[in-house]
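These notes are about the structure you will find just below.
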Amino acid sequence: MIRVREPHPWPSTEAEAIAIQEKLRPLVRFDGEPAEVRTAAGLDVAYRDDSDELVAAVTVLNVADLSVVDSVVVCGKPEFPYIPGLFAFREAPSLLEALKKLSVVPDVLVCDGQGLAHPRRFGLACHLGVLTDLPSIGVGKTAMGRYEPPDEQRGEWSPLRMDDEVVGRALRTQRGVKPVFVSVGHRYTLDGACDLVLRLAPKYRLPETTRTADHLGRTQD
DNA sequence: GCGACAG
DNA sequence: ATCTTGTCGC
């Protein structure tokens, strides 16, 4: 099963959270990309209508046929307010609890958000990757950085930049549809990440990993 | 000071 | 994240 490096005490202030990101950032590795990716996990969090509770959902897909081979749902509470750049502190605790309950260890975590495409180069995908030491990538629906629209054909992409640095890619997964924003989390390459996202999104804009996790969390009333 | 700002 | 109509396509 997945072993989670027990995190640092969870921060209660913005300054503490930023200090934790700066401390963990050097632990991001860029080597160790899996030779073949047979299973990929989708991670997503839904917010319930009434209470202040959230639902963390994880699905594991067989990349070959996109079938769901495992899934976990856990309810929790936001451990931190939503602050751009500190998103992980809100959702990571519940997602880590869900990951611990998986019966299989996926080859890669496909996170709903950014990886290196982050003000301090340590988005949710990096954070979860480092804490589990699993390969991870980030796939965001909106960008934090600047980019030129890629050509309209599926598979086309353009660099995503922050501070004059390439931090990811705007990747067109379907012709004529808004691109998704792919960045490396941990133990992965940007080429490999885009390759994987295209394999996981043969029909829709978002990868099936994200779609199945989103659906699972949303229907868990 | 002002705008921008993953989910 | 979530609030929201009608509409086009599979």
Side-chain angles (χ1 to χ4, degrees), chain A residues 10-11 14 17-18 20-21 24-25 28 41-58 66 73-96 98 109-131 136-147 154 160-171 173-186 190 193 197 201-221:
Chain A
W10 217 244
E14 199 167 330
I18 291 174
I20 290 167
Q21 290 182 331
L24 293 180
R25 179 176 49 187
V28 172
L43 292 71
D44 188 46
V45 171
Y47 293 82
R48 317 193 72 155
D49 290 346
D50 47 13
S51 62
D52 55 347
E53 285 193 320
L54 55 76
V55 181
V58 178
L66 301 182
V73 180
V74 305
C75 293
K77 297 195 172 185
E79 300 292 323
F80 206 78
Y82 171 66
I83 299 172
L86 301 178
F87 180 48
F89 294 98
R90 180 174 178 80
E91 297 195 341
S94 300
L95 288 172
L96 290 168
L109 306 179
V110 179
C111 305
D112 186 21
Q114 317 296 329
L116 294 177
H118 175 277
R120 288 168 293 281
R121 309 296 181 270
F122 198 72
L124 175 67
C126 300
H127 208 133
L128 291 174
V130 164
L131 257 37
S136 66
I137 67 172
V139 181
K141 293 183 283 292
T142 61
M144 289 193 95
R146 302 170 48 82
Y147 68 98
R154 166 177 156 86
L160 177 65
R161 293 192 174 81
M162 292 182 76
D163 310 315
D164 280 317
E165 190 179 336
V166 174
V167 295
R169 286 179 191 164
L171 175 66
T173 55
Q174 297 298 321
R175 178 182 183 122
V177 169
K178 176 181 174 178
V180 297
F181 304 92
V182 179
S183 59
V184 166
H186 183 57
L190 189 50
V197 170
K203 186 163 176 150
Y204 300 107
R205 176 186 178 228
L206 296 177
E208 288 299 315
T209 38
T210 304
R211 289 168 46 79
T212 53
D214 180 85
H215 180 266
L216 179 60
R218 193 172 305 225
T219 53
Q220 202 69 16
D221 270 298

Checklist entry - Which part of the nucleic acid does A:Gly85 contact within heavy-atom distance under 4.0 Å: base, sugar-phosphate only, or nothing? => result base
Checklist entry - Between atom CG in A:Leu116 and atom C1' in B:dA6, what is the gap in whole Å? => result 14 Å
Next on the checklist: Here's a test of your reading of the structure: between A:Lys203 and A:Ala46, which maps to the more 5' nucleotide of DNA chain C?
Outcome noted: A:Ala46
Checklist entry - Can any side-chain N or O of A:Ser136 pair as donor or acceptor with the backbone N or O of A:His186 at less than 3.5 Å? => result yes
Checklist outcome for this item: Paired runs of 3 or more consecutive Watson-Crick or G-U pairs involving DNA chain B, with both pairing distances under 3.5 Å, are none
Checklist entry - Yes or no on side chain to side chain contact (heavy atoms under 4.5 Å, CB included) for A:Leu86 and A:Gln21, after CA distance, side-chain angles and deciding distance? => result CA-CA 9 Å; A:Leu86 301 178; A:Gln21 290 182 331; 3.6 Å; yes
Next on the checklist: Can you measure A:Tyr82 atom OH to C:dT2 atom P for me and round it to whole angstrom units?
Outcome noted: 13 Å
Next on the checklist: Side chains of A:Ser94 and A:Val45, heavy atoms from C-beta outward: is any pair under 4.5 Å?
Outcome noted: no
Item to check | Protein-nucleotide distance (A:Phe122, atom CZ; B:dA6, atom P), rounded to Å | outcome: 18 Å
Item to check | Crowding at NZ, A:Lys77 (>12 non-hydrogen neighbours, <6.0 Å) | outcome: no
Checklist entry - In whole Å, what is the span from the CG atom of A:Leu95 to the C1' atom of B:dG7? => result 11 Å
Item to check | Pair A:Asp44 + A:Arg211: basic N to acidic O under 4.0 Å | outcome: no
Checklist entry - For A:Leu54, which contact category applies under a 4.0 Å heavy-atom criterion: base, sugar-phosphate, or nothing? => result nothing
Item to check | Rounded distance in Å - CG (A:Leu124) to C1' (B:dA6) | outcome: 9 Å
Checklist entry - Within the structure shown, what part of the strands sits under 4.0 Å from A:Gly140 by heavy-atom distance: base, sugar-phosphate, or nothing? => result sugar-phosphate
Checklist entry - Is it true that atom CZ of A:Arg146 has more than 12 heavy atoms of other residues, nucleotides or ligands lying nearer than 6.0 Å? => result no
Next on the checklist: If I take atom CG in residue A:Leu86 and atom P in nucleotide B:dA6, what distance separates them, rounded to the nearest angstrom?
Outcome noted: 12 Å
Checklist entry - NA contact type, A:Tyr47, heavy-atom cut-off 4.0 Å: base, sugar-phosphate, or nothing? => result sugar-phosphate
Item to check | A:Arg146 CZ - B:dA4 P separation (whole Å) | outcome: 13 Å
Checklist entry - What is the distance from CG of A:Asp44 to C1' of B:dG7, rounded to the nearest Å? => result 9 Å
Checklist entry - Is the A:His127 ring parallel, tilted or perpendicular to the A:Phe89 ring (thresholds 30°, 60°)? => result perpendicular
Checklist entry - Counting only side-chain N and O atoms of A:Thr142, is one of them less than 4.0 Å from OP1 or OP2 of B:dC5? => result no
